[in-house]
Amino acid sequence: LWPWLLASSGLSALIQLVTLPFFPDSPSYLLIQKGNEEACRKAIRKLWGEGDHQAEIDDIMKEKGAMASTKTLRVLEVIKERSLRWQLYILVTVMTTLQLCGINAIYFYSFEVFHTAKFEEYLIPYVSLGVGLCECLSSILCSTLIDRFGRKVLLWGGYSLMCSVLALLTMTLSLQHRFFWMHYFSVILIFLFVVFYGIGP
C-alpha cells in the first residue's frame, strides 16, 4: 500500500503537466515582464470573460510603475540597509525557530513511541499517516483562523503550546515504564504537537 500512496503524489503532477499548456499566462506577467498589452487583454478575457477590464489593466500599470521606481537590492545591500534591519531579524528568527521547533524529532521518534504504546505492528503506519493527516487538516484550519486572529497571535500561541506539549512529552516518556497509561498519553501529545505546529508556525 505504501508504494501506491507515495506514487499517488505523481498523479497531481501528471494532471498539472497535461493541463498547464491550456491555461493562459498571468496578465500581470504579460504586461509587466513582456510588455505585451494585447496578450494581457486576451488573457484577462480568457480568465474573467468578456467585458470592460480597463480597471484591472490600470492596476497592473500602476504596479509596473511602482516596480520601476523601486531599486532591486542585492543580498549584502539588504543586510546593510538600516530600514530593513527589523524585518530581516524577524524573518531570520521565524525561519530559525521553524527549523528548530522539534517537528522533525517528533516525526522521527513517533514510530518508536507508537511501538512502545503496544500498538499492533500493522497499525503503526496508519497511526503515522494519521499524524500527517492531522498536520494537513490543522494547516487548512490555520488558513481560516489567520484572518480572525492574525499571524502574530498564531505564532506566539503555536510556539507556546508546542513548548508546553514538548515539556509534557519529555515527562511522559521518562515515566512510561512506571505507569502503563503514559504510553497512550504520549501518543495523544504527539498528535497535539502536530496540530499546534500546523495552526501556529
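Along the sequence shown, residues carry numbers from 1.
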Exercise. Out of curiosity, Leu30 CG to Cys40 SG, how far, rounded to the nearest 0.5 Å?
Worked result: 6.5 Å
For this session: Consider only side-chain heavy atoms of I, L, V, M, F, W and Y, link residues closer than 4.5 Å, and tell whether Val75 and Leu88 are in one cluster.
Result: yes
Exercise. Does the side chain of Glu56 come within less than 4.5 Å of Pro27's, by heavy atoms?
Worked result: no
Exercise. Do the non-hydrogen side-chain atoms of Val92 and Met95 ever get within less than 4.5 Å of each other?
Worked result: no
Exercise. Any donor and acceptor pair, going by atom type alone, linking the side chain of Arg85 with main-chain N or O of Lys80 inside 3.5 Å?
Worked result: yes
For this session: May I ask you to test the Ser28-Ile32 pair for a side-chain heavy-atom distance under 4.5 Å?
Result: yes
Seminar exercise, completed: Heavy atoms of Glu121 and Pro125 approach each other most closely as O-CD, 3.4 Å
Problem set entry | Separation of Thr144 OG1 from Phe149 CZ (nearest 0.5 Å) | 9.0 Å
Problem set entry | Smallest separation among heavy atoms of Arg151 and Cys142, with atom names | NH1-SG, 4.4 Å
Exercise. Among the clusters formed by ILVMFWY side chains lying less than 4.5 Å apart, do Met61 and Leu47 turn up in the same one?
Worked result: yes
Problem set entry | Interatomic distance, Asp59 atom CG to Gln54 atom CD [nearest 0.5 angstrom] | 10.0 Å
For this session: Apply the test ring pair (Phe, Tyr, Trp, His ring centres under 6.0 Å) to residues Trp86 and Tyr89: give CA-CA distance (whole Å), side-chain angles for both, the deciding distance (0.1 Å), then the verdict.
Result: CA-CA 5 Å; Trp86 275 108; Tyr89 288 157; 5.7 Å; yes
For this session: Could you tell me which non-hydrogen atom of Pro21 sits nearest to which non-hydrogen atom of Gln16, and how far apart they are?
Result: CD-O, 4.5 Å
Exercise. Tell me, do Leu173 and Thr170 make a side-chain contact under 4.5 Å, heavy atoms counted?
Worked result: no
Problem set entry | Ile15 versus Thr19, closest heavy-atom pair with distance | O-OG1, 2.7 Å
Exercise. Under 6.0 Å from the CD atom of Gln87, do we count more than 12 heavy atoms belonging to anything else shown?
Worked result: yes
Exercise. Minimum heavy-atom separation for Tyr159 to Leu98, with atom names?
Worked result: OH-N, 3.3 Å
Exercise. Does Arg41 reach the side chain of Glu37, with side-chain heavy atoms less than 4.5 Å apart?
Worked result: yes
For this session: Answer yes if Leu133 and Val127 sit in the same cluster of Ile, Leu, Val, Met, Phe, Trp and Tyr residues linked by side chain heavy atoms under 4.5 Å apart, and no otherwise.
Result: no
Seminar exercise, completed: So SG of Cys163 and CG of Leu161: to nearest 0.5 Å the spacing works out to 9.0 Å
Seminar exercise, completed: Value for CD1 (Ile57) from CD1 (Ile44), rounded to nearest 0.5 Å, stands at 4.5 Å
Problem set entry | Polar side chain donor-acceptor pair, Tyr126 to Glu120, under 3.5 angstrom | no
Problem set entry | Donor-acceptor pair, side chain of Glu77 and main chain of Arg74, under 3.5 angstrom | yes
For this session: Please lay out, stage by stage, how Ile106 and Leu166 fare under the test side chain to side chain contact (heavy atoms under 4.5 Å, CB included).
Result: CA-CA 9 Å; Ile106 288 291; Leu166 280 179; 4.1 Å; yes
Exercise. So do the side chains of Lys152 and Leu155 get within less than 4.5 Å of each other, counting heavy atoms only?
Worked result: no
For this session: Give a yes or no on whether Tyr109 atom OH has more than 12 heavy-atom contacts from other residues, nucleotides or ligands under 6.0 Å away.
Result: no
Side-chain donor-acceptor contacts of residues 185-199 below 3.5 Å, not counting sequence neighbours, with atom names and distances?
{"unit_1": "Ser186", "atom_1": "OG", "unit_2": "Thr172", "atom_2": "OG1", "d": "3.0"}
{"unit_1": "Ser186", "atom_1": "OG", "unit_2": "Met182", "atom_2": "O", "d": "3.0"}

Exercise. So, do Leu84 and Ile79 sit near enough that their side-chain heavy atoms are less than 4.5 Å apart?
Worked result: no
For this session: Please list, chain by chain and in numerical order, all residues satisfying side-chain hydrogen bond (donor to acceptor under 3.5 Å, both in side chains) with Asp52, sequence neighbours excluded.
Result: none
Exercise. Does a side-chain heavy-atom distance below 4.5 Å link Leu141 with Leu137?
Worked result: no
Problem set entry | Point-to-point distance, once rounded to the nearest 0.5 Å, from CD1 of Ile124 to CZ of Phe114 | 8.5 Å
